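Have a look at the structure below before the remarks.
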Amino acid sequence: MARLTILEYPDPRLRTRAQPVTEFDAGLSQLIEDMFETMYAAPGIGLAATQVNVHKRLLVIDVSKDGTQPQVFINPEILSREGVGKVEEGCLSVPGIFDDVERAEKIRVRAFDRNGASYELDLDGMLAVCVQHEMDHLEGRLFVDYLSELKRQRIRKKLDKERKERGAQPREGAEARLP
C-alpha cells in the first residue's frame, strides 16, 4: 500500500469531472486500499479519487470513530434527497478550514462495491453529509464553492501563506510514500 498525495485548493485538478469506473480489477482494488491508507493517515473520514488526482468516480468513507466501518462507493448516484440541514464541514483538500454548508439530511444512493456489485442505501446523519461532500469532488466542486466569494478569497490567501511557509511541501499525512 502507499499513501497518495492529496491535492490542495486551489489546485485546478480538483475541478476535473471524474469519469465512470468501467473495470473492477486488481488496479482498482489497489487504488481503494491506497485511498483508505491515505484517508486514515490524513486523518479524514472521506476521500474522493479526484482528491488524489485520479479522475474516476470512486469514494472511500469511514465515519466511525475507530476506523472500523470502511465503505466504498463506485459510480455513486443520489436517487433521492430529503430535508435540508446545515452542517460544519472540513476537507482534506482545504486543510484546517471549516464552515457551515447546507446539505440534504437524508439521501438514497446507488453505487457499486469493489467487486462490481450494485447496491442501494438510505443514508442520514454524518454518512449522508460525507457522501454528498465526496460526490461533489467527483463533479469538480469543493465545499468552499458553497461559501461567499470573500470567504473563498480569505481561505485561498491563508492556504497560500501556509504553503509558502512550509516551502510548498505536502502537509503532514498527505505526502506520497513508497511501500
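This one's a predicted model, so the numbers in the text were calculated from it and none came from an experiment.
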Indicate the atoms forming the closest heavy-atom contact of [X] with [Y], along with that distance.
X: R17; Y: Q19; result: O-NE2, 3.5 Å
X: F73; Y: I61; result: CE1-CD1, 4.0 Å
X: P76; Y: M135; result: O-CE, 3.4 Å
X: M35; Y: A49; result: CE-N, 3.3 Å

Distance in Å, [X] [atom1] paired with [Y] [atom2], rounded so as to fall on 0.5 Å steps:
X: F112; Y: I74; atom1: CZ; atom2: CD1; result: 9.0 Å
X: L28; Y: T22; atom1: CG; atom2: OG1; result: 9.5 Å
X: Q71; Y: D113; atom1: CD; atom2: CG; result: 11.5 Å
X: L123; Y: M126; atom1: CG; atom2: CE; result: 13.0 Å
X: Q51; Y: C91; atom1: CD; atom2: SG; result: 4.5 Å
X: L159; Y: R154; atom1: CG; atom2: CZ; result: 14.0 Å

Closer than 3.5 angstrom, by distance alone: can the side chain of [X] be matched with the main-chain N or O of [Y] as a donor-acceptor pair?
X: R110; Y: S118; value: no
X: E134; Y: L59; value: no
X: D11; Y: R13; value: yes
X: D62; Y: I45; value: no
X: N75; Y: A111; value: no

Between [X] and [Y], is there shared hydrophobic-cluster membership here, with clusters defined by ILVMFWY side-chain heavy atoms closer than 4.5 Å?
X: I6; Y: M39; result: yes
X: L138; Y: L142; result: no
X: I107; Y: Y119; result: yes
X: V87; Y: L147; result: no
X: I155; Y: F143; result: yes

In plain terms, say whether [X] and [Y] are close enough for a salt bridge, that is, a side-chain N and a carboxylate O under 4.0 Å apart.
X: K151; Y: D99; value: yes
X: R108; Y: D124; value: no
X: D160; Y: K157; value: no
X: E162; Y: R166; value: no
X: R57; Y: E139; value: yes
X: R81; Y: E105; value: no

(request) Would you please test E120 and V109 for side-chain contact (heavy atoms from CB on, under 4.5 Å) and show each step? (result) CA-CA 6 Å; E120 291 185 13; V109 65; over 6 Å; no
(message) According to side-chain hydrogen bond (donor to acceptor under 3.5 Å, both in side chains), does anything in residues 23-37 pair up with another residue at least two apart or in another chain? List the pairs.
(response) Q30-D34, E33-R114
(request) Kindly indicate, with the supporting measurements, whether the criterion side-chain contact (heavy atoms from CB on, under 4.5 Å) is fulfilled by Y9 and R15. (result) CA-CA 10 Å; Y9 176 76; R15 301 301 184 177; 3.9 Å; yes
(request) Taking the side chain as every heavy atom from C-beta outward, state whether I97 and K158 have any atom pair closer than 4.5 Å. (result)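 With C-beta onward as the side chain, the pair touches.
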(message) Is the terminal nitrogen or CZ of R141 (NZ for Lys, CZ for Arg) located under 6.0 angstrom from the six-membered ring centre of Y146 and within 45° of that ring's axis?
(response) no
(request) List the steps, then state whether side-chain contact (heavy atoms from CB on, under 4.5 Å) holds for I32 with L58. (result) CA-CA 8 Å; I32 290 167; L58 165 64; 4.0 Å; yes
(request) Any chance you could lay out the side-chain contact (heavy atoms from CB on, under 4.5 Å) test for L4 and L31, step after step, and finish with the verdict? (result) CA-CA 9 Å; L4 306 169; L31 175 59; 4.2 Å; yes
(request) Check whether the side chains of S93 and E8 place a donor and an acceptor atom closer than 3.5 Å, and report yes or no. (result)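 Side chains of S93 and E8: no pair found under 3.5 Å.
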(request) Mind checking ring pair (Phe, Tyr, Trp, His ring centres under 6.0 Å) for Y40 and listing every partner two or more places apart, or none if nothing turns up? (result) F36
